[in-house]
Amino acid sequence: MTELPKAYDPAAVEPDLYEDWVAAGLFHAEPDGSHLAPHARGDGEPFAIVIPPPNVTGALHIGHALTNAIEDAMIRRARMQGKNAVWIPGMDHAGIATQNVVEKQLANEGLTRHDLGRDAFIERVWAWKEEYGGRILGQLRRLGSSLDWDREAFTFDEQRSRAVREVFVTLHEQGLMYRGNRLINWCPRCRTALSEIEVDHSDDRGELARFRYPYADTDPATSGADGEGGIEVATTRAETMLGDTAIAVHPDDERYADAIGREVRHPFQDRTFRVIADDYVDPEFGSGAVKITPAHDPNDHAIALRHDLEIIDIMADDATLTDVVGERFAGLDRFEARRQVKEELDALGLLLGVDDHEHAVGHCSRCGTVIEPRLSDQWFLEVRPLADKAAAAVRDGRTTLLPERFERSFLEWLDDLHDWCVSRQIWWGHRIPAWYCPDGHITVTREDAPTACTECGQGGLVQDEDVLDTWFSSQLWPFTVFGWEKPGDTTPELETWYPTAVLETGYDINTFWVSRMLMSGLWFLDEVPFRVIYNHGMVRDQYGKKMSKSFGNVIDPLEFIDAFGADALRFALFQHTSPGTDVPLAPEWVEGAKRFTNKLWNIVGFGLRVLDDTRPGDLPPRDALALEDRWILSTLERTRAQVEDAYATWDYARVSAALYHLAWDEIADWYLEAVKPRVYGDDPTAKATAQAVLARVLDDLLRLLHPMIPFVTEELWRALTGAAGGPESLMVASYPTGRPEDADADAEAGFAAIRDLVTEVRRFRSQNGVAPSARFPLTVSSSSRQVLEAHRTLVASLAGLSEVTFEDALTERAGTSTIVLDGGQAQVELAGLIDVDAELARIDKELGKAQGDLRGVDGKLGNANFVDKAPAEVVQQQRERKADLERSIEELSAQREALAAIDA
RNA sequence: GGGCGGUUAGCUCAGAUGGCGAGAGCGCCUCGUUUACACCGAGGAGGUCGGGGGUUCGAGCCCCUCACCGCCCACCA
């Protein structure tokens, strides 16, 4: 059989295997299942995942690595289980993000997008996309992602664009999509409206400026001076006072009972406004009087609507002040205006003080600029009916959120969701299918170029300049990727794979994306887009800190793949991955995972060396199997069940832990050692049996591990089975199902007895400085005598003994040392083996510990409550432990005496 | 201001429905070139399970409370 290189070299294996898989078409799926491997044909339960489409601007970062590793494991396992599994690749055009990147590039050339003009700019973005945009998809291949590349989609390609227009028009026809003049979040740098969730709030250190509005009926010459004849207000944004149109106080606030209805005079503008009463005002805060700026604050806007106040918009697109504020401040940037307004107020004697004030400030999630609430004409989607459907689907379990504890906040969010501002004042994105006639009537249509206004019939229509929020198209992803273009559409792909099996994504985009897919899927297809929402955590560094460019702790997954291989990176991620749990990642852990792949390499490498031409296949009859065979098969089956169980709770950390333990601690450390006497021995029957079992064990191990670490397992499996590659691949081999008949408690107990004895002998060596190579005889007395005696050769081989003999009871003799076993003891002839003084010291130490433990157990057993009320078996355990301790104390004391005698 | 998660060995984390005589990986110490692997093997040291109180025969696990840490949501000027 093939000899493997001594150490695993991922770089020499991974790229070729990936190409081989692609060439063999193993990633591709057909709705009718015609692609399925023979073992699965005729079954083929549909199992689809759509990739969370990465931004075209993106490069693979560690979060992508996590998402794609998990999804790949899901898909690969489903595929091996004979499901009709498909994983759809694609990218998101990522409106603002992409536009920003290209604008930055233009800025390097000293240009703005306006210098190019709309059409040229968009052309430029497409060119950029062609040149750099595909980068991340290539990087996904390095990870081993088994995406069906024949089905790649893009949120801004023609097919998806048709669906977007159709959805917009349909929603408009349904009366849910409307144009309105409302207060929205405006980013002055991106110069566009943003939705609520595109605004990040942070607690910033700011200020609270207090100043006084003089009453209109007081003398301007004196009213400013000293607190007389005015009303005190406070603000964190002093410049907004230029757009104030009222002062509000609480209706029950006695301090202001007389003030209500009075007029105040604007210090910088030739106008006055009233003091009004509104419940919104908190009398406890500040002076209890609030200045009202309807055009620039959501609460103020609401109050303005209730009281029919004048609304004055004081800002331009770039957050400089417009002429309406008056000559003194017009044209100033908002922050400069803030400073100067305070100055002028102070000059007039109206400023009462400026205090430090920490408060939540909204920032643009794309560029970090401070958001300006602003009144604006935008397109809105009335989300209530859609959100209600989505919430109902979560509540009745049509879709399940993992971890479950996320469900509550997800539902609360859906329950008080506000209308979605979908229009963006940028160029890169789906143009809004609305046209305006010269009279301002709106025509929303599926046509490319409508010629007549639907309201008044006149021509000269001009299309809305705006584009849609990028999430508007990605919300349709789970069905547009399967060919859906309009309500009622059906395709074989949709019929087979919609709803998808699971939507796997970080919890950070539940609101942006997941909720909206749920809403639109239910609205347009009347069916949830996915049965399960699996939320993975965020990848953090080894100190638990979020990875971000500004911290400089970002880890590039490609560097890990180069250094340790994709499998190592994947396995390291899996080892810490449970639903909703953040994943800390340190280089040493990837290194550790690499060691695991190397261990696996050597485990199978050993197999290849000793299997001769044995391939995995049927096993000899059970009664021909050795104890260690039955033990490992039982352990394998038990682990397989644990893995199954862990997968049922989507807990990859437990899956990887169970398989790591199986491979390293059970197979490598014990089974391979236990099997050596037979495979190196000259009993052909015993050898053949060992080989058959070993082949089976290695085969199953590789199958179980393949979804997580596809490359190394595939390479080894081909060597083990002689598979030629291409369609003969572990990728489409069957995933192990249960073999309940392999469960064998007797064999596990028997092997455990052997293991305990061997471990004790090794401990004896280590503690007494007896070389591992030293051979010596051992006499054993044990309750497990039967099984130990029957496997004396194995015991001798594993423990490095020259001879093992058995007696019913050992008698203490000078010059021997006793090894205490779980179910008995063993005796070593010490002559020439050990250092007596060291041994005495060791015994003293053990004696001390045993005596301490005994006191503990005695205390427990002396407690009447414990003895009476604890379950009998628990009490029994303690009694046994007490007996054990007493016995070992006795033995140790005897040994001590014997040794002391030799010493003397 | 709400909500959620966390606090277990030097580090990062496991520890279903309370029975633990508390585990793993890395790190640390001792020994080791046995024909799978030094990307290794054998053995070992190291924990008042954040503090306090409670329930229980028994609590790392349940209850109360306090203290930190992290995240999400939120219109208090």
Side-chain angles (χ1 to χ4, degrees), chain A residues 4 6-8 183 197 201 208 233-237 240 248 280-282 284-293 297-302 357 359-360 362 373 403 405-406 408-409 412-413 416 507-508 510-511 537-538 540 542-546 564 568 575-576 578 580-582 584-586 588-589 591-610 645 649 653-654 657 660-661 665 668-669 672-673 676 680 759 762-767 769-773 797 800 853 856-857 860 863-871 873-875 877-878 881 885:
Chain A
L4 295 175
K6 208 169 148 98
Y8 175 49
L183 209 66
I197 53 179
H201 292 272
L208 193 61
V233 294
T235 178
T236 55
R237 298 181 291 155
T240 60
Y280 159 75
V281 180
D282 174 7
E284 304 296 315
F285 188 91
S287 66
V290 187
K291 59 186 275 304
I292 302 299
T293 320
D297 182 278
N299 297 314
D300 294 7
H301 184 66
H357 184 66
H359 63 130
R405 66 185 145 83
F406 283 7
R408 180 171 158 185
S409 58
E412 281 174 2
W413 186 82
D416 48 45
Y507 55 72
D508 54 332
N510 279 357
T511 50
M538 300 294 112
R540 297 176 181 280
Q542 64 265 53
Y543 308 108
K545 248 192 140 81
K546 197 169 178 172
F564 305 115
Q575 285 182 293
H576 293 90
S578 305
T581 305
D582 288 349
L585 188 68
E588 306 84 71
W589 303 352
E591 211 179 324
K594 166 68 202 306
R595 284 202 287 268
F596 178 63
T597 59
N598 190 62
K599 188 72 178 181
L600 193 62
W601 184 264
N602 281 293
I603 289 171
V604 179
F606 166 80
L608 295 176
R609 230 167 287 192
V610 302
D645 197 52
T649 56
R654 273 172 57 208
Y660 182 99
H661 176 70
D665 302 336
D669 285 352
L672 296 193
E673 296 306 321
K676 279 177 184 175
Y680 288 144
T759 300
R762 287 173 178 168
R763 185 174 295 135
F764 168 81
R765 285 179 191 277
S766 175
Q767 286 175 349
V770 177
S773 52
S797 155
D853 288 354
V857 175
K860 209 167 192 182
N863 180 341
N865 271 329
F866 173 73
V867 178
D868 295 344
K869 300 189 187 170
E873 61 193 57
V874 174
V875 175
Q877 265 174 20
Q878 292 300 319
R881 175 154 160 71
L885 286 168

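In what follows, chains are A, B, ... by sequence order, proteins preceding strands, each numbered from 1. Predicted model only: the values in this text are computed from it and were never measured.
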Enquirer: Closest approach to the side chain of A:D282, judged atom by atom: which nucleotide of B:A77, B:A36, B:A14 is it?
Expert: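 Within the option list, the nearest is B:A77.
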Enquirer: Whether the side chain of A:N598 engages the backbone of A:Y8 through a donor-acceptor N/O pair (distance < 3.5 Å, no angle test) should be reported.
Expert: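 Checking the backbone N and O of A:Y8 against the side chain of A:N598, a donor-acceptor pair under 3.5 Å is found.
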Enquirer: Using atom C1' of each nucleotide, how far apart are B:G2 and B:G19 to the nearest Å?
Expert: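 Approximately 39 Å lies between the C1' atom of B:G2 and that of B:G19.
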Enquirer: When you match A:K594 and A:N865 each to their closest nucleotide on RNA chain B, which lands nearer the 5' end?
Expert: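 Of the two residues, A:K594 wins.
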Enquirer: Classify A:V867 by what it touches in the nucleic acid, base, sugar-phosphate, or nothing, heavy-atom distance under 4.0 Å.
Expert: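 Counting heavy atoms under 4.0 Å across all strands, no contact is made by A:V867.
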Enquirer: Roughly how many Å is it from CD1 in A:I197 to P in B:C75, rounded to a whole number?
Expert: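 The distance from CD1 of A:I197 to P of B:C75 comes to 13 Å, rounded to the nearest Å.
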Enquirer: At 4.0 Å (heavy atoms only), tell me whether A:H357 reaches a base, stays on the sugar-phosphate, or touches nothing.
Expert: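 Sugar-phosphate: the residue A:H357, judged by heavy atoms under 4.0 Å, touches backbone atoms but no base.
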Enquirer: Go through B:A74, B:C13, B:A77 for me and flag the one nearest to the A:F285 side chain.
Expert: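 Side chain of A:F285 sits closest to B:A77.
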Enquirer: For residues A:A568 and A:T597, report the shortest heavy-atom separation together with the two atoms involved.
Expert: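 Minimum heavy-atom separation between A:A568 and A:T597: N-CG2, 4.4 Å.
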Enquirer: When you compare B:U17 with B:C73, how far apart are their P atoms, in angstrom units rounded to a whole number?
Expert: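 Result for the P pair: 30 Å, nearest Å.
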Enquirer: Take atom CZ of A:R405 and atom P of B:G5, then tell me their distance rounded to the nearest Å.
Expert: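 About 6 Å, once rounded to whole Å.
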Enquirer: Would you indicate what A:H661 reaches in the nucleic acid, counting non-hydrogen atoms under 4.0 angstrom: base, sugar-phosphate, or nothing?
Expert: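 The answer is nothing, as A:H661 stays clear of every strand by at least 4.0 Å.
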Enquirer: Take the protein atom CD of A:E588 and the nucleotide atom P of B:U12, then report the distance between them rounded to whole Å.
Expert: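 Whole-Å distance recorded here is 11 Å.
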Enquirer: Would you measure the distance from the C1' atom in B:C49 across to the matching atom in B:U8 and give it in whole Å?
Expert: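 It comes out at 4 Å once rounded to the nearest Å.
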Enquirer: Specify the separation, in whole Å, of atom OH of A:Y8 and atom C1' of B:C40.
Expert: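 It is 19 Å, rounded to the nearest whole Å.
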Enquirer: When the P atoms of B:G21 and B:G58 are considered, how many whole Å apart are they?
Expert: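 Their P atoms lie roughly 14 Å apart.
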Enquirer: Between B:G51 and B:U7, how far apart are the two P atoms, rounded to whole Å?
Expert: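 Going atom to atom, P in each nucleotide, I get 13 Å.
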Enquirer: From NE2 of A:H359 over to C1' of B:A77, roughly how many Å is that when rounded to an integer?
Expert: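 Nearest whole value for this atom pair: 10 Å.
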Enquirer: Of all the heavy-atom pairs spanning A:V281 and A:G288, show the shortest one and how long it is.
Expert: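 Answer, listing the atom of A:V281 first, then A:G288: CG1-O, 3.3 Å.
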Enquirer: What form does the base of B:A16 take, syn (within 90° of 0) or anti?
Expert: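 The base of B:A16 is oriented syn (glycosidic angle within 90° of 0).
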Enquirer: If you check every side-chain atom of A:H576, which of B:C71, B:U12, B:C75 has the closest atom?
Expert: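 Of all the options, the side chain of A:H576 is nearest to B:U12.
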Enquirer: So A:D297 and A:T240, do their side chains get closer than 4.5 Å, heavy atoms only?
Expert: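 Side-chain contact under 4.5 Å: no.
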Enquirer: Reading nucleotides 41-50 of chain B 5' to 3', which nucleotides get B (base under 4.0 Å from a protein heavy atom), which S (sugar-phosphate only), which -?
Expert: SSSS------
Enquirer: Taking CG from A:D645 and C1' from B:A16, how many angstroms apart are they, rounded to a whole number?
Expert: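 The distance from CG of A:D645 to C1' of B:A16 comes to 9 Å, rounded to the nearest Å.
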Enquirer: Using the C1' atom as the point on both nucleotides, what is the distance between B:C76 and B:C13, in whole Å?
Expert: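 So the two C1' atoms sit 41 Å from each other.
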Enquirer: On RNA chain B, does the nearest nucleotide to A:A771 precede the nearest nucleotide to A:V610 from the 5' side, or the other way round? Give the residue.
Expert: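 Result: A:A771.
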Enquirer: Residues in side-chain contact (heavy atoms from CB on, under 4.5 Å) with A:E412, at least two apart?
Expert: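 Scan of A:E412 (side-chain contact (heavy atoms from CB on, under 4.5 Å), adjacent residues dropped) gives A:R408.
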Enquirer: Considering only side-chain heavy atoms of A:K676, which listed nucleotide, B:A74, B:A36, B:C13, is closest?
Expert: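 Taking heavy atoms from C-beta onward, the closest nucleotide is B:A36.
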Enquirer: Can you tell which of B:U35, B:A74, B:A77 lies closest to the side chain of A:Y680?
Expert: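 Ranking B:U35, B:A74, B:A77 by closest atom to the A:Y680 side chain puts B:U35 first.
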Enquirer: Using atom P of each nucleotide, how far apart are B:G52 and B:C26 to the nearest Å?
Expert: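 It comes out at 34 Å once rounded to the nearest Å.
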Enquirer: How many Å lie between CZ on A:R540 and C1' on B:G6, as a whole number?
Expert: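 Checked: the CZ to C1' distance equals 11 Å.
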Enquirer: Determine which nucleotide pairs with B:G60, using a 3.5 Å limit on both distances of a Watson-Crick or G-U wobble pair.
Expert: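 Pair assignment: B:G60 / none.
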Enquirer: Using side-chain contact (heavy atoms from CB on, under 4.5 Å) as the criterion, list what pairs up with A:T649, not counting sequence neighbours.
Expert: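 Once residues adjacent in sequence are excluded, the partners of A:T649 under the side-chain contact (heavy atoms from CB on, under 4.5 Å) criterion are A:D651, A:R654.
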Enquirer: Which base, if any, makes a Watson-Crick or G-U wobble pair with B:A22, both distances under 3.5 Å?
Expert: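 Per the H-bond distance test, none.
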Enquirer: Side chain of A:L672, heavy atoms from C-beta onward: which of B:C71, B:A74, B:A36 has the nearest atom to it?
Expert: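 Selected nucleotide: B:A36.
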Enquirer: Please tell me which of the listed nucleotides, B:C37, B:C4, B:C39, lies nearest to the side chain of A:R408?
Expert: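 Nearest listed nucleotide: B:C4.
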Enquirer: Round to a whole Å and report the spacing from CZ of A:R595 to C1' of B:C37.
Expert: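 It is 13 Å, rounded to the nearest whole Å.
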Enquirer: Name the nucleic acid region contacted by A:R654, choosing base, sugar-phosphate or nothing; use a 4.0 angstrom heavy-atom cut-off, strictly under.
Expert: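 Nothing: the residue A:R654, judged by heavy atoms under 4.0 Å, touches no strand.
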Enquirer: Measure the shortest side-chain to side-chain distance between A:I197 and A:W413 over non-hydrogen atoms and say whether it is less than 4.5 angstrom.
Expert: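 In short, these two side chains touch, coming nearer than 4.5 Å.
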Enquirer: Taking the inter-plane angle between the rings of A:Y680 and A:F606 on a 0 to 90° scale, is it parallel (under 30°), tilted (30 to 60°) or perpendicular (over 60°)?
Expert: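 Rings of A:Y680 and A:F606: perpendicular, over 60°.
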Enquirer: Applying the Watson-Crick and G-U wobble criteria at under 3.5 Å, what pairs with B:A14? Answer none if nothing qualifies.
Expert: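 Matched B:A14 with nothing under the 3.5 Å cut-off.
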Enquirer: Heavy atoms from C-beta onward define the side chain here; which of B:C71, B:U12, B:C39 lies closest to that of A:A7?
Expert: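 Of the candidates, B:C39 comes closest.
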Enquirer: Taking the C1' atom of each, how far is B:C62 from B:G23, in whole Å?
Expert: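 Taking atom C1' in both B:C62 and B:G23, they lie 22 Å apart.
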Enquirer: Given B:C76, B:C39, B:A36, identify the nucleotide with an atom nearest to the side chain of A:F606.
Expert: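 Minimum distance to the A:F606 side chain belongs to B:A36.
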Enquirer: Measure from the side-chain N and O atoms of A:D582 to the backbone N and O of A:M538, and report whether any donor-acceptor pair falls under 3.5 Å.
Expert: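 Side chain of A:D582 to backbone of A:M538, a donor-acceptor pair under 3.5 Å: yes, one is there.
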Enquirer: Mind checking who B:A42 pairs with, Watson-Crick or G-U wobble, both distances under 3.5 Å?
Expert: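 B:A42 is paired with B:U30.
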Enquirer: Partner of B:U7 by Watson-Crick or G-U wobble geometry, both contacts under 3.5 Å, or none?
Expert: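 Matched B:U7 with B:A67 under the 3.5 Å cut-off.
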Enquirer: Charged N to carboxylate O under 4.0 angstrom, A:E591 versus A:K594?
Expert: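 Salt bridge: no.
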